[in-house]
Amino acid sequence: AWYSFSLLVVSFLGGALPTLLTDLGDPGVYVKWLYPVVGGAAYVFNPLIGVLLERRGYAAGCALANLVSALYIAATFLPSLQAQVVTLILCALQKACLFTVFFSFFAHYYPIEQYGSLLALTTAAAAIFGLLVFPLIYLVTHVLKNDYTWPFVALIVLTLPLYAAPWAMYRFDKARASQALMPK
């Protein structure tokens, strides 16, 4: 559920950003140049997320991904075109957090022989969940007359239950560590 919802945020906001930037008066520089370059620069943050995972664990990485998702959505409300650079940077950071945590999680916690199967299963589930982007787009374009406010507010609120994922990871890691210390 954590990955599926976070990927929905990536997909929905990724499609909404060009419209939002144009509505703020973008002459084409942000949509055609800055968004693809800055928004696609997740690879810049990947090593930093990797260090976070090594030093603080997957619970911290997952919690950071949740926080960045909420900040990314909230940043779309910034009123000026120039301030949207923050949104683009958060876009890249959110993708880096999401994909670094997700794709390394299975390799860390499960035998490598299961990596492909687990990845296939969770990616398929995320794709099915991602189909919700279509009713969201319909809602924004036909019912809300291109006003993204309420869908974005709803997405921010819906990130709150996702903090159960890092809490569960933290408890799992703690139990696993205490089990490793027990004599056999």
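From a predicted model like this one, the values you see are computed outputs, not experimental measurements. One-based numbering along the sequence shown.
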Co-members of Y170 in a cluster of I, L, V, M, F, W and Y side chains, linked at under 4.5 Å: W167

Do N46 and T100 have side-chain atoms, one donor and one acceptor, less than 3.5 Å apart? yes

Taking L131 as the starting point, is it possible to reach L7 by hopping between hydrophobic residues whose side chains are less than 4.5 Å apart? yes

Looking at every heavy atom in both Y115 and F106, which two are closest together, and how far apart are they? CD1-CB, 3.7 Å

Is it the case that the side chain of D26 and the backbone of V29 share a donor-acceptor pair, with hydrogens and angles ignored and the cut-off at 3.5 Å? yes

May I ask you to decide if G25's main-chain N or O and Y30's side chain share a donor-acceptor pair within less than 3.5 Å? no

If I compare all heavy atoms of L158 with all of L162, which pair ends up nearest, and what's the gap? O-CG, 3.9 Å

I137 and F12: CA distance, side-chain angles, deciding distance, side-chain contact (heavy atoms from CB on, under 4.5 Å) verdict: CA-CA 8 Å; I137 291 169; F12 185 61; 4.2 Å; yes

Say whether, by atom type as modelled, one donor and one acceptor occur between the side chain of T159 and the main chain of N66 under 3.5 angstrom. no

With hydrophobic residues grouped by side-chain heavy-atom distances under 4.5 Å, do Y110 and F102 end up in a single group? yes

Counting C-beta onward and ignoring hydrogens, is there a side-chain heavy-atom pair between N146 and T141 closer than 4.5 Å? yes

In sequence, state the C-alpha distance, the side-chain angles, and the governing distance for V31 and T22, and then conclude on side-chain contact (heavy atoms from CB on, under 4.5 Å). CA-CA 7 Å; V31 172; T22 302; 3.8 Å; yes

Hphob cluster co-occupancy, L67 + F77, side-chain heavy atoms under 4.5 angstrom: yes

Ignoring hydrogens and angles, tell me if any N or O in the side chain of Y72 forms a donor-acceptor pair with the backbone of L93 under 3.5 Å. no

Distance col, row L90:CG vs Q84:CD, nearest 0.5 angstrom, shows 10.0 Å

By the rule that ILVMFWY residues connect when side-chain heavy atoms come within less than 4.5 angstrom, directly or transitively, which residues belong alongside L121? none

Kindly work out whether a path of hydrophobic side-chain contacts (I/L/V/M/F/W/Y, heavy atoms less than 4.5 Å apart) joins Y43 to V101. no

Once rounded to the nearest 0.5 Å, what's the spacing between atom CD1 of I73 and atom CG of L155? 4.5 Å

Report, as yes or no, whether the 6.0 Å neighbourhood of atom CZ on F134 holds more than 12 heavy atoms from other residues, nucleotides or ligands. no

Looking at Y3 versus F105, is the centre-to-centre ring distance below 6.0 Å? no

One pair to check against ring-ring contact (aromatic ring centres under 6.0 Å, His included): Y58 and F172. What are the steps and the verdict? CA-CA 10 Å; Y58 281 84; F172 178 77; over 10 Å; no

Point-to-point distance, once rounded to the nearest 0.5 Å, from CG of L21 to OG1 of T87: 7.5 Å

I'd like to know if V153 and V133 are part of one continuous hydrophobic network [Ile/Leu/Val/Met/Phe/Trp/Tyr, side-chain heavy atoms within less than 4.5 Å]. yes

Under the 4.5 Å side-chain heavy-atom rule for ILVMFWY, direct or indirect, which residues accompany L160? none

Which atom of L81 lies closest to which atom of P27, heavy atoms considered: CD2-CD, 4.2 Å

Non-hydrogen atoms of A16 and Y148 that approach each other most closely: CB-CE2, 3.3 Å

Step by step, would you call L17 with L88 a side-chain contact (heavy atoms from CB on, under 4.5 Å)? CA-CA 9 Å; L17 274 178; L88 298 178; 4.1 Å; yes

Closest non-hydrogen atom pair, G61 against L52: CA-CD2, 3.8 Å

Measure the CG-CG distance between L64 and L53 for me, rounded to the nearest 0.5 Å. 9.0 Å

Look at the side chain of Q94 and the backbone N and O of V10, then say whether any donor-acceptor pair between them is shorter than 3.5 Å. no

Mind checking the OG1-CG spacing from T76 to L24? Nearest 0.5 Å is all I need. 9.5 Å

Derivation of the side-chain contact (heavy atoms from CB on, under 4.5 Å) call for Y109 and D173: CA-CA 10 Å; Y109 286 104; D173 282 344; 2.6 Å; yes

State, to 0.1 Å, how close A70 and I156 come at their nearest heavy-atom pair, and which atoms those are. O-CG1, 4.1 Å

Can you tell me how far apart OG1 (T123) and CZ (F103) are? Round to the nearest 0.5 Å. 5.5 Å

